[in-house]
Amino acid sequence: INLNPEPIIYNYLGIAYAKLNKKEQAEKFFIKSITLANNDVTLIRNYINFLRDIYESTKAIEFLKKQYSKYKNPEFVVLIIAILMDEKKHEEALTYFDEAGQFFSDNKNFQFIKGVIYSELGENEKAIKIFEKLIEFENFFGPAYRILSLLKYKISDETIESIENYLNQPNQDELNEIHLGLALSNFLENKKNYEKSFFYLKKYNSKYKKLINFDPKEMVQNFSKIKNFFKELLKEKFDIYNTEQKNPIFILGMPRSSTSLVEQIISSHSKVYGCGELTFIEREIFNLFDERVDVKKILSFKERYFSMIESVSGDFSFFTDKAPLNFLFIGIISIFFPNSKIILCEKNRMDNLNSIYRNFFPSGVDFSYDLNDLIFFNSFYNDVVSYWEKEKINFYTVKYENLVNNLTDEVNKLFKFLELNVEKKCYEFFKTKRVVNTASFSQVRKPIFKESINKWKNYEKELQDVYLNLNQ
């Protein structure tokens with residue numbers, strides 16, 4: 001019998017206990033494995049991922065700082081940068097690049113992250129310089145080209161031709177090829193070459209679709225579980241008392257339905273902190289779906305949620321949680337957070353679906369790479385919203401086209417719903433400096449414009465099946 005197991009065994013035990021939601025035991029084994037292994041980066045990374053999963057980012061950063069001061073391993077600095085980006089503390093994250101830069105100055109992925117930080121801060125010139133250098137270093141680095149295409153970066157016809165030639169050759173790095181192909185589609189759209197743009201969009205969306213696994217049945221089954229849990233909450237006449245000091249504003253709807261714009265307008269208010277896309281509810285809520293409603297679990301859920309919010313939102317009285325797919329949970333949110341405000345964002349449906357199809361999402365929007373999946377999702381979304389309407393849940397609908405055509409009146413109505421006095425800054429939302437790490441990071445920093453209305457008509461022929469399905 002081996003009475004002195006290898007450190008990795010304790011690490012595996014930590015992972016196992018974490019999956020069982022036994023956090024104290026998990027942490028004990030993670031720490032033991034790290035102590036025995038003496039600075040093993042893999043074991044430390046597993047522990048840090050555990051802390052990130054339970055929203056203990058401050059503890060994770062403190063731990064990494066201590067490890068770095070002892071061992072000077074630059075990997076720890078990279079992990080600190082990643083956590084600070086999660087927390088939307090981009091300015092602080094930038095301060096660590098000098099620390100780690102001496103070790104990673106030639107690492108393209110490290111430099112790419114720096115460029116992403118600048119683009120999400122709205123410092124486009126600095127971001128563009130970094131991406132240009134990366135392309136000089138590696139001519140067809142797809143991720144850099146894709147971000148440049150979102151920044152409306154102008155490239156020559158010769159460069160477009162060279163990218164096309166490169167993509168017509170056999171390439172080993174499939175993910176890089178997908179990024180590059182989607183960038184090419186965007187560049188062609190910027191040049192109003194719509195037919196060719198859609199050709200590459202469909203080609204590389206289809207390639208990415210093969211790398212992921214979207215199951216429409218699972219989405220339907222999950223909503224069935226949500227409805228059952230909601231009914232149990234109503235049966236129990238469940239009443240959650242409020243002890244929190246902060247007031248949530250949930251902004252939800254289809255992806256690309258103007259949720260980022262609405263958040264930018266609201267978070268321009270002096271009393272509101274914009275938290276961006278938080279995954280907490282979507283990730284954690286299914287753990288509450290037991291046979292009977294467990295009040296203790298729900299209160300723990302709320303406590304952890306507000307603890308996470310507290311770590312990022314400071315002294316603000318209100319905060320936004322802009323996770324579009326939270327539209328699935330509208331009824332449950334209204335019970336769990338009775339002092340919250342819920343805003344559903346809507347956009348011309350064809351424009352919305354076209355925009356979803358045109359964007360590359362890091363995760364969670366796996367229905368966006370195939371037109372048939374989009375047709376399914378459109379029908380599913382309608383069913384979900386219709387269900388919550390029939391349940392008479394109180395939420396406010398903002399229509400993108402109304403915002404564009406009559407910004408002042410629509411912003412006034414929005415803040416009346418929020419029961420906040422509107423401020424001048426809310427009309428000049430594009431001047432607000434904050435981190436935006438969604439596909440809309442460029443648009444929300446410009447005055448509102450009408451060019452995106454009916455943009456789908458540039459692809460009317462290619463989207464004919466979707467249009468016909470919507471109008472049956």
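Residue numbers count from 1 along this sequence. The figures that follow rest on heavy atoms only: side chains count, while hydrogens, waters and symmetry mates do not.
- In summary, the aromatic rings of Phe286 and Phe229 are positioned with their centroids too far apart to meet the 6.0 Å limit.
- The shortest side-chain heavy-atom distance between Asn359 and Arg256 falls under the 4.5 Å cut-off.
- Aromatic rings of Phe380 and Phe367 (six-membered ring for Trp) have centroids beyond the 6.0 Å cut-off, not under it.
- With Trp388 contributing its side chain and Phe327 its backbone, the two residues share a donor-acceptor pair below 3.5 Å.
- Remark: aromatic rings of Phe319 and Tyr273 are distant, center separation not under 6.0 Å.
- With respect to Phe280, the ring pair (Phe, Tyr, Trp, His ring centres under 6.0 Å) criterion is satisfied by exactly one of Phe329, Phe250, Tyr305: Tyr305.
- Within 6.0 Å of NZ in Lys203 there are more than 12 heavy atoms belonging to other residues, nucleotides or ligands.
- Side-chain N/O atoms of Lys322 and Thr259 include a donor and acceptor closer than 3.5 Å.
- In this structure, Arg52 and Asn49 have side chains that are in contact, with non-hydrogen atoms separated by less than 4.5 Å.
- Taking the ring centre of Phe318 as origin, the terminal cationic atom of Lys246 falls outside the region bounded by 6.0 Å and 45° from the ring axis.
- Proximity of a side-chain donor or acceptor of Ser307 to a complementary backbone N or O of Arg304 within less than 3.5 Å is not detected.
- Between Asp173 and Glu177, the closest side-chain pair of non-hydrogen atoms is not below 4.5 Å.
- Taking a 6.0 Å sphere around OH of Tyr17, one finds it holds 12 or fewer heavy atoms contributed by other residues, nucleotides or ligands.
- Asn421 CG: 12 or fewer foreign heavy atoms inside a 6.0 Å radius.
- For His90 and Tyr118, the gap between ring centers reaches or exceeds 6.0 Å.
- Qualifying side chain to side chain contact (heavy atoms under 4.5 Å, CB included) partners for Asn382, counting only residues two or more places apart in sequence or in other chains: Arg349, Asn378.
- Sorted by first and then second residue, the pairs that involve residues 353-375 and meet salt bridge (Lys or Arg N to Asp or Glu O under 4.0 Å), not counting sequence neighbours, are Glu189-Arg358, Lys209-Asp373.
- Heavy-atom neighbours of Tyr12 OH from other residues, nucleotides or ligands within 6.0 Å: at or below the threshold of 12.
- In this structure, the ring of His179 has its center less than 6.0 angstrom from the ring center of Phe360.
- By the 30° and 60° cut-offs, the orientation of the rings of Phe97 relative to Phe110 is tilted.
- Glu423 and Ser270 are linked by a side-chain donor-acceptor pair at a separation below 3.5 angstrom, with hydrogens and angles left out of the test.
- Between Phe336 and Phe301, the distance separating the two ring centers is shorter than 6.0 angstrom.
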